[in-house]
Number of protein chains: 2
Amino acid sequence: MAKKQLIMEKALELFAAQGFESTSVQQITEHCGISKGAFYLAFKSKDELVVALIDHFMMQFISDIDHSVKNVTNNQQLLYNFYYATFNSFYKHSDFAKVLMKEQSQTINNHELILKMRYYDQLLDKIILAMIKQLYDNTVEQIQYDLLYCIKGLIRIYSELFIFSNVQLDLDLLSKSLEDKTKILASNMTVPFITSELIQLSQLPINEEELSPQHIVKFIDQKIEELGDSVEKESLLLIKDHILEPRLPQAIVIGLLGNIQHHPHLKWVSYLLRNYLLN
Amino acid sequence: MAKKQLIMEKALELFAAQGFESTSVQQITEHCGISKGAFYLAFKSKDELVVALIDHFMMQFISDIDHSVKNVTNNQQLLYNFYYATFNSFYKHSDFAKVLMKEQSQTINNHELILKMRYYDQLLDKIILAMIKQLYDNTVEQIQYDLLYCIKGLIRIYSELFIFSNVQLDLDLLSKSLEDKTKILASNMTVPFITSELIQLSQLPINEEELSPQHIVKFIDQKIEELGDSVEKESLLLIKDHILEPRLPQAIVIGLLGNIQHHPHLKWVSYLLRNYLLN
DNA sequence: TTGACATTTGACCCATTAGTCATTAGTATA
DNA sequence: TATACTAATGACTAATGGGTCAAATGTCAA
């Protein structure tokens with residue numbers, strides 16, 4: 001519908017200049033030259049508009065990049081094309097890029113939106129990882145996640161250059177420059193930091209259900225069965241009691257968590273517990 | 001004043017969880033257990049609280065990092081120390097780090113705050129550039145700004161790993177890993193992108209006023225009032241006299257600076273003084 | 001022209017916000 | 001105890017927010 005289009009366009013301009021929260025529906029409707037009621041005919045709420053915007057542009061963005069990467073037979077051009085497509089897309093939709101940078105993932109309180117952003121972020125991760133794999137196959141298995149983060153870091157920081165100042169950049173040189181940096185890192189990096197386990201820990205959804213005490217206790221019971229007698233097992237037992245009937249001082253809880261956090265099989269459980277007990 | 005301290009602490013917790021705009025003064029006062037009026041006795045407005053928070057933590061952050069870089073004679077450890085200090089500071093003040101990441105510079109409409117953030121950002125740039133210069137002198141003149149951006153990009157993206165998930169990271173390994181990446185980039189990069197002109201275009205000149213003797217003396221007076229009788233206070237008084245009418249030999253000045261640089265409330269003042277007196 | 005229907009409006013509602021100020025509670029001195 | 005002073009309160013205001021809905025306007029076939 002044309003009305004939706006109009007609202008999305010005009011709202012994006014305002015969001016880019018002021019941010020979500022500081023932009024009122026009133027302002028949007030004035031900027032569109034329509035009434036408040038008309039806005040609520042097109043979108044059920046302000047949040048729905050935001051979701052629509054994110055969806056619309058992220059889909060476009062992701063598919064742009066995916067296209068640039070998938071349709072390259074010559075590996076020599078892969079990285080260059082990837083960077084070029086990325087920054088070109090930022091240019092084409094610079095207002096959206098601005099919003100994206102400003103509302104750095106979670107300014108918004110809307111849980112749905114956070115999940116959505118995380119979803120798109122993981123899609124992008126997949127694309128980049130596939131590209132890394134295609135370029136270096138398994139010679140970089142141990143450094144692939146570090147490479148992923150380096151690439152994302154480069155994009156993030158070089159984006160700021162032209163998103164927050166209105167300087168016109170030489171996209172060709174920029175892409176070549178980042179290609180250069182990436183290749184150098186790929187073939188010389190010797191101290192990787194990010195393991196696949198770390199990735200899993202940081203990406204796993206923090207949905208409410210998973211953080212319910214019932215779920216956590218069940219999970220702890222499972223781990224207790226797996227463990228032999230040890231400090232870890234004893235700590236887990238104490239923590240479990242504390243969850244069912246809180247009575248330990250914070251300092252002791254922290255200490256107990258410290259006892260288990262380095263055990264290779266307890267990383268997930270200690271992640272859950274930290275979230276549940278310390279927030 | 002203790003009340004200010006309390007409000008700042010409690011407000012930071014809420015800001016970290018919800019963001020500025022979504023946190024009301026009401027919520028803050030409830031979380032502090034004080035009345036609304038008491039809040040407005042401590043701060044003239046919500047904005048003033050935000051400014052105070054930013055100032056307080058950025059000063060601490062910048063001086064932490066500056067300290068870690070300036071007090072290293074062995075170049076081998078420079079990068080490692082820099083990264084370690086950076087991430088360690090994020091850890092120590094993780095709520096503030098969260099706010100900083102969330103309100104990615106300009107969610108806020110307040111013009112003063114944007115300028116302030118830019119100011120601190122540029123201070124950090126200066127520190128990093130000085131470090132690069134010390135490490136590689138002029139062999140990297142053409143790539144120094146790219147190196148600066150790579151370092152900032154790495155910090156930005158690796159920060160997200162632990163700021164937005166509650167994973168406990170191995171700071172030592174992380175620092176080594178980023179040191180590795182940085183050194184590799186420094187000695188292999190061949191296609192620089194960022195020229196000094198580009199830097200100038202993208203950032204406004206730094207605020208020189210803050211480095212004027214008047215400003216520094218005013219700042220010292222403030223600190224002197226806060227301090228009880230102590231070596232630090234006496235040192236500050238002597239330094240103040242020296243600024244107004246220089247007559248102490250360099251060695252004494254350095255000694256006096258040494259007296260104050262470890263006091264937790266004097267980090268910023270000693271950073272300013274080091275810049276003013278020793279450069 | 002009429003009437004049935006779809007689209008659009010903006011005054012209105014209620015919740016929430018930042019910020020104020022007359023009043024009260026607390027404390028130290030005479 | 002009386003007095004003088006500061007620190008703290010919370011009911012209050014004025015403004016703004018998102019969202020609603022009865023009424024007005026527009027459309028078109030008969």
Side-chain angles (χ1 to χ4, degrees), chain A residues 1-55 99 102-103 106-114 116, chain B residues 1-56 99 102-103 106-114 116 225-226 228:
Chain A
M1 189 199 286
K3 191 55 69 61
K4 269 196 175 184
Q5 212 76 34
L6 172 73
I7 294 174
M8 283 170 72
E9 257 172 52
K10 296 292 186 180
L12 188 61
E13 291 173 16
L14 294 174
F15 286 158
Q18 313 171 336
F20 294 146
E21 313 243 7
S22 320
T23 304
S24 67
V25 175
Q26 193 86 28
Q27 271 181 288
I28 296 172
T29 57
E30 275 166 19
H31 198 224
C32 292
I34 62 170
S35 71
K36 216 167 175 192
F39 176 92
Y40 283 95
L41 283 177
F43 296 97
K44 275 211 286 290
S45 67
K46 193 183 168 187
D47 271 356
E48 202 189 82
L49 163 64
V50 173
V51 169
L53 273 174
I54 300 261
D55 270 336
V99 172
K102 280 192 186 187
E103 322 291 318
Q106 33 247 78
T107 313
I108 322 113
N109 275 341
N110 188 322
H111 190 67
E112 186 196 352
L113 255 198
I114 294 179
K116 214 174 247 307
Chain B
M1 190 202 285
K3 192 54 69 62
K4 270 196 174 183
Q5 212 77 31
L6 172 73
I7 294 174
M8 283 169 71
E9 256 171 53
K10 296 293 186 180
L12 188 61
E13 290 172 18
L14 294 174
F15 287 157
Q18 313 172 338
F20 294 145
E21 314 243 6
S22 321
T23 304
S24 68
V25 174
Q26 194 87 26
Q27 271 181 290
I28 296 172
T29 58
E30 274 165 21
H31 198 224
C32 291
I34 62 171
S35 71
K36 215 160 176 204
F39 176 92
Y40 283 95
L41 284 177
F43 296 97
K44 276 211 287 287
S45 68
K46 192 183 167 186
D47 272 356
E48 202 189 83
L49 162 65
V50 174
V51 169
L53 272 174
I54 300 262
D55 269 337
H56 179 253
V99 172
K102 280 191 188 190
E103 323 291 319
Q106 32 249 75
T107 313
I108 322 115
N109 275 341
N110 188 324
H111 189 67
E112 187 196 352
L113 258 196
I114 294 178
K116 216 174 245 309
E225 291 218 354
E226 292 174 27

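Chain letters run A, B, ... following the sequence lines, proteins first, then strands; residues in each count from 1.
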N/O to N/O distances under 3.5 Å, protein versus nucleotides 17-22 of chain D:
from	atom 1	to	atom 2	distance (Å)
D:dG18	OP1	A:K46	NZ	2.9
D:dG18	OP2	A:V25	N	3.0
D:dG18	N7	A:K36	NZ	3.0
D:dG19	OP2	A:Y40	OH	3.0
D:dG19	OP2	A:K46	N	3.0
D:dG19	N7	A:K36	NZ	3.1
D:dG19	O6	A:K36	NZ	2.7

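Rounded to the nearest 0.5 Å, atoms NE2 (B:H56) and CG (B:L12) are 10.0 Å apart.
The side-chain hydrogen bond (donor to acceptor under 3.5 Å, both in side chains) check on B:E48 picks up B:K44, with sequence neighbours excluded. Remark: A:Q26 engages A:S24, A:E30, A:K36 in a side chain to side chain contact (heavy atoms under 4.5 Å, CB included) (not counting sequence neighbours).
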*Can B:F15 and B:K10 be said to form a side-chain contact (heavy atoms from CB on, under 4.5 Å), step by step?*
CA-CA 9 Å; B:F15 287 157; B:K10 296 293 186 180; over 6 Å; no
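Following rounding to the nearest Å, B:E30 (CD) and D:dA8 (C1') show an atom-to-atom distance of 16 Å. Straight-line distance from the CD atom of B:Q18 to the P atom of C:dT16: 14 Å, rounded to whole Å. If you measure from atom CG of B:L41 to atom P of C:dA25, you get 17 Å, rounded to the nearest angstrom.
Counting all heavy atoms, side chain and backbone alike, B:M8 lies closest to B:L53 at O-CD2, 3.7 Å.
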